[in-house]
Amino acid sequence: MAESAFDVVVIGSGPGGYVAAIRATQLGLKTACVEKRETLGGTCLNIGCIPSKALLYSSEVFDEARHGMAIHGVKVGEVGLDLPAMMAQKTKVVDANTAGVAFLFKKNKVEWIKGAGRITAPGKIEVALNAGGSQSLTARGIIIATGSDSMPLPGVPVDERSIVTSTGALTLASVPKRLIVIGGGYIGLEMGSVWQRLGSQVTVVEFLDRILPGMDGEVSKQMQRILQKQGMTFKLGMKVTGATAGDAGVAVRIEPAKGGPSQSLVADIVLLAIGRQPLTEGLGLESAGVALDERGRIKTDVHFATNVPGIYAIGDVIAGPMLAHKAEDEGVAVAEIIAGQAGHVNYEAIPGVVYNWPEAASVGKTEEQLKAEGVAYKAGKFPFTANGRARAMAMTDGFVKILADAKTDRILGAHILGANAGDLIAEIVVGMEFGAAAEDIARTCHAHPTLNEAVKEAALAVGGRAIHI
Ligand SMILES: Cc1cc2nc3c(=O)[nH]c(=O)nc-3n(C[C@H](O)[C@H](O)[C@H](O)COP(=O)(O)OP(=O)(O)OC[C@H]3O[C@@H](n4cnc5c(N)ncnc54)[C@H](O)[C@@H]3O)c2cc1C
């Protein structure tokens, strides 16, 4: 069969891959994107960010109708759950998003090749087509954007029925009475919250002695307190040694991480959410000579180039935070680099958001990191209890914390726990991209009454001059 020749072939159509493909065609490069899933958009659109946020929002509406309206003087009758309708809404959201990427591919003339891609030599890809048969492609630049998969745990056999990953947790047919979540990271907490709001008793088992490792310690602590108030139970510093599914449910064996007697917990469903691992299998990397790092990620330089000329990699399959917007930014940068431009990603200013309620959002350094690095810093903090808009919304949990260099006042990090924290953090991310000092945010006029005023007040607090506290 004749080879199809492209300037760029992207393997994988997640937020890294599809964005890279679109940007490459914008830059005049003839581009194909190989995707083995039936729909575009990768983990993020199909089984990650989008369906989880759809369920988080729908379950929030349910929870609000049950518990959050009386305070505003709104009386509702008995509130019931129609889980199939909630799931159908989630599916509709996913379908609209994946179809949106297909539309963008058409509009930008990205050729979508449906099948599994394998690199046979530098510049050469063989696609095992979903429809049967194969297709050979050649490209000046190959971008690997194959993403990640959930991390397995020995002794915990996933069947996606009673022991599930996040993928199974997004499609449960009924509300489990008891749900055990293994892993206190953002995926476990978000999916735990969904089912807790819908009626499950949720127990989170975490190996470390804190949830949300990597986030600011104060945010983690308060988030845990709030989730406990909402009814979640935490077993921290506990190691899961095995899980067995039986007629009476799933028995999960746990023991203290530091050693000690083991105990058994029982649940109807167990969600394994201990992290994700890069997906490199079947790509032909070994024969192409593409090097991996010690954690199985594809090794790249600052220009996303692997050790093999003409082969690049981006997104979850390389180092860095496994986040959709990080993958997207790398997609833009790598396409620009292949086109001869100066694509670049600033890893100092990548926000991270946890979409529980309230949300937690973070950018830059945590206090723990600054202390460990011996950086002299000032912290400014402002609680939402003192913010007029938060009071009006009856959502006063949480705070804004801004960390700035003690000498220069340059913002080094910010951490927000509270309503709409994921949106509020954007102001600080922009500020950090422009090298802002806390003073710059503090002297910027913020509309009143808004939640953003808490950001301004925290910036004022860095200089010891918050007005409203
Ligand atoms: C439950 C959940 C919730 C999440 N929520 C968020 C969130 O709120 N915000 C956020 O920023 N991130 C979130 N993430 C993480 C986010 O989904 C990933 O960081 C992001 O999808 C990574 O993008 P990517 O392009 O690197 O890869 P992916 O999105 O994983 O896409 C890779 C694609 O490559 C395809 N592929 C793999 N191998 C081949 C092959 N050989 N040939 C052809 N195709 C192949 C796969 O089928 C897949 O479609 C979440 C993840 C999960 C699981």
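We count ligands from 1, going down the list as the structure has it; atoms in each ligand are counted the same way.
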Inset, instruction - Classify the contact between Ile187 and ligand 1 as side chain, backbone, both or neither, using a heavy-atom distance cut-off of under 4.0 Å. - result: side chain
Legend entry - Residue pair Gln224 / Leu236, side-chain heavy-atom distance below 4.5 Å: yes
Inset, instruction - Between Arg276 and ligand 1, find which residue part has any heavy-atom pair under 4.0 Å and reply side chain, backbone, both or neither. - result: side chain
Inset, instruction - State plainly whether the residues Lys30 and Glu111 are in salt-bridge range, i.e. N to O under 4.0 Å. - result: no
Inset, instruction - May I ask you to identify, for Lys53, whether its side chain, its backbone, both or neither come under 4.0 Å of ligand 1 on a heavy-atom basis? - result: side chain
Inset, instruction - Indicate whether the side chain of Glu126 and that of Ser134 have a donor and an acceptor atom separated by less than 3.5 Å. - result: yes
Legend entry - Options Cys33, Pro51, Ala327, Pro15, ranked by nearest heavy atom to atom 20 (C) of ligand 1, top entry: Pro15
Legend entry - Contact partition for Thr43 relative to ligand 1, non-hydrogen atoms under 4.0 Å: both
Legend entry - Nearest candidate to atom 10 (C) of ligand 1, where distance is taken over non-hydrogen atoms, out of Ala324, Ala145, Gly48, Gly284: Ala324
Inset, instruction - Report, in ascending order of atom number, the atoms of ligand 1 lying under 4.0 Å from any heavy atom of Leu283. - result: 41 (N)
Legend entry - Partner of Asn130 by side chain to side chain donor-acceptor pair (under 3.5 Å), out of Lys114, Glu38, Arg37: Glu38
Inset, instruction - Quickly, which of Lys381, Lys401, Lys221 forms a salt bridge (charged side-chain N to carboxylate O under 4.0 Å, His left out) with Glu367? Name it, please. - result: Lys401
Legend entry - Atoms in ligand 1 with a heavy atom of Asp316 nearer than 4.0 Å: 18 (C), 19 (O), 20 (C), 22 (C), 26 (O)
Inset, instruction - Indicate whether the side chain of Thr98 and that of Asn46 have a donor and an acceptor atom separated by less than 3.5 Å. - result: no
Inset, instruction - Look at ligand 1 and say whether Val34 reaches it with a heavy atom at a distance under 4.0 Å. - result: yes
Legend entry - Nearest candidate to atom 41 (N) of ligand 1, where distance is taken over non-hydrogen atoms, out of Gly117, Ser52, Ala20: Gly117
Legend entry - Any side-chain heavy-atom pair of Phe304 and Glu330 under 4.5 Å: yes
Inset, instruction - Check if Tyr186 has a non-hydrogen atom at a distance under 4.0 Å from any atom of ligand 1. - result: yes
Legend entry - Polar atom proximity, Leu170 to ligand 1 (N or O, under 3.5 Å): no
Inset, instruction - Indicate yes or no: does an N/O atom of Leu323 lie under 3.5 Å from an N/O atom of ligand 1? - result: yes
Inset, instruction - Return a yes/no value for Lys36: is any of its N or O atoms, backbone included, closer than 3.5 angstrom to an N or O of ligand 1? - result: yes
Inset, instruction - Heavy-atom contacts with Cys44 under 4.0 Å: which atoms of ligand 1 show up? List them by number with element. - result: 17 (O), 21 (O), 29 (O)
Inset, instruction - Tell me yes or no: between the side chains of Gln135 and Ser4, is some donor less than 3.5 Å from an acceptor? - result: yes
Inset, instruction - Compare all side-chain heavy atoms of Leu129 with those of Ile113 and state whether any distance is below 4.5 angstrom. - result: yes
